[in-house]
Amino acid sequence: IMLHSTLALSLLLIAVTSNLAMAIKKEKRALQTLSRGWGDEITWVQTYEEGLYQAKKSNKPLMVIHHLEDCQYCQALKKAFAENEEIQEMAQNNFVMLNLMHETTDKNLSPDGQYVPRIMFVDPSLTVRADITGRYSNRLYMYEPQDIPFLIENMKKALRLIQTEL
């Protein structure tokens, strides 16, 4: 009987442990889905509204990345973004981060069209910064993989503006 209960107990333990492992794995995966490959170490907000709230509360700028899964330019930018340590570090520590695969109702986030990829900044006073633009005059908020140094400068600019204006 002793052997039988030990066996039952260890089977129970195995069942609980594997369920726990699966739950932990699932939890990790859920976290990954919010990053969508833009940086798994970054804390991402889920919605634009949550992003605005967090920006105001933390006094950090909100960075909004519009992208689509089947867009090759988005995929290329995402890869460069995720592989750049300086961007990842700044995004994690100094920004409220949001990546969206759908448009928001805020028309200020598409001042010159709803193209992707598009990266915009919103300051903690909840003003969309139309003055922080990329290199292209026809698509002001578009960045390409080779524009990563430019994006880093714009992230720094967004941080500087908070200190000088707010």
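Because the structure is predicted, anything quoted here is derived from the model rather than measured.
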Taken to the nearest 0.5 Å, the spacing of Gln146 CD from Leu151 CG works out to 12.5 Å
When hydrophobic residues are tied together by side-chain contacts of less than 4.5 Å, even through go-betweens, does Phe121 share a cluster with Ile87?
yes
Does any N or O in the side chain of Gln88 come within less than 3.5 Å of the main-chain N or O of Glu83, such that one atom is a donor and the other an acceptor?
no
Note: Leu98 and Tyr48 closest approach over all heavy atoms is CD2-CA, 3.5 Å
Report whether Ile162 and Val122 are members of the same hydrophobic cluster (ILVMFWY, side-chain heavy atoms less than 4.5 Å apart, transitive linking).
no
Atom pair CD/CH2 of Gln54 and Trp44 - distance to nearest 0.5 Å
14.5 Å
Under a 4.5 Å cut-off applied to non-hydrogen side-chain atoms, are Asn138 and Tyr115 in contact?
no
Locate the shortest heavy-atom distance separating Glu41 from Gln92; write the atom from each residue and the value.
O-OE1, 2.6 Å
Crowding at CD, Gln46 (>12 non-hydrogen neighbours, <6.0 Å)
no
How close do Leu140 and Ser137 get, heavy atom to heavy atom, and via which atoms?
CD2-O, 3.8 Å
Do Asn84 side-chain atoms and Ala80 backbone N/O form a donor-acceptor pair below 3.5 Å?
no
Ser35 versus Gly39, closest heavy-atom pair with distance
CB-O, 3.4 Å
Scan for ring-ring contact (aromatic ring centres under 6.0 Å, His included) pairs involving residues 53-91, sequence neighbours excluded, and state none if there are none.
Trp38-His67, Trp38-Phe81
Membership question, hydrophobic clusters at under 4.5 Å side-chain separation (ILVMFWY): are Met142 and Leu100 in the same one?
yes
Is the shortest heavy-atom distance from the side chain of Met63 to the side chain of Ile42 under 4.5 Å?
no
Tell me, please, which residues at least two apart from Arg139 pass salt bridge (charged side-chain N to carboxylate O under 4.0 Å, His left out).
none
Arg36 side chain to Glu69 main-chain N or O, any donor-acceptor pair under 3.5 Å?
no
Listed partners of Ser58 passing side chain to side chain contact (heavy atoms under 4.5 Å, CB included), at least two apart:
Lys60, Val96
With sequence neighbours excluded, what pairs up with Asp147 under the side chain to side chain donor-acceptor pair (under 3.5 Å) test?
Arg135, Tyr136
Taken to the nearest 0.5 Å, the spacing of Leu62 CG from Thr127 OG1 works out to 12.0 Å
Can a salt bridge be assigned to the pair Lys57 and Glu50 using a cut-off of 4.0 Å between side-chain N and carboxylate O?
no
Donor-acceptor pair, side chain of Lys79 and main chain of Pro145, under 3.5 angstrom
no
Connected via hydrophobic side-chain network under 4.5 Å: Val45 and Met101
no
Nearest heavy-atom neighbours spanning Val128 and Asn108
CG1-O, 3.4 Å
From the options Asp112, Asn154, Val64, Ile132, select the one residue that forms a side chain to side chain contact (heavy atoms under 4.5 Å, CB included) with Tyr141.
Asp112
What distance do Gln72 atom CD and Asp70 atom CG have between them, rounded to the nearest 0.5 Å?
10.0 Å
At what distance, to the nearest 0.5 angstrom, does OH of Tyr143 lie from OG1 of Thr133?
6.5 Å
Is there a side-chain contact between Gln75 and Lys78 (heavy atoms, below 4.5 Å)?
yes
I'd like to know if Met155 and Phe150 are part of one continuous hydrophobic network [Ile/Leu/Val/Met/Phe/Trp/Tyr, side-chain heavy atoms within less than 4.5 Å].
yes
Value for CE (Met120) from CD1 (Ile65), rounded to nearest 0.5 Å, stands at 13.0 Å
Other members of the hydrophobic cluster containing Leu68, with the 4.5 Å side-chain heavy-atom rule, please.
Val116
List the residues meeting side chain to side chain contact (heavy atoms under 4.5 Å, CB included) with Leu159, not counting sequence neighbours, and say none if there are none.
Pro61, Met90, Asn94, Phe95
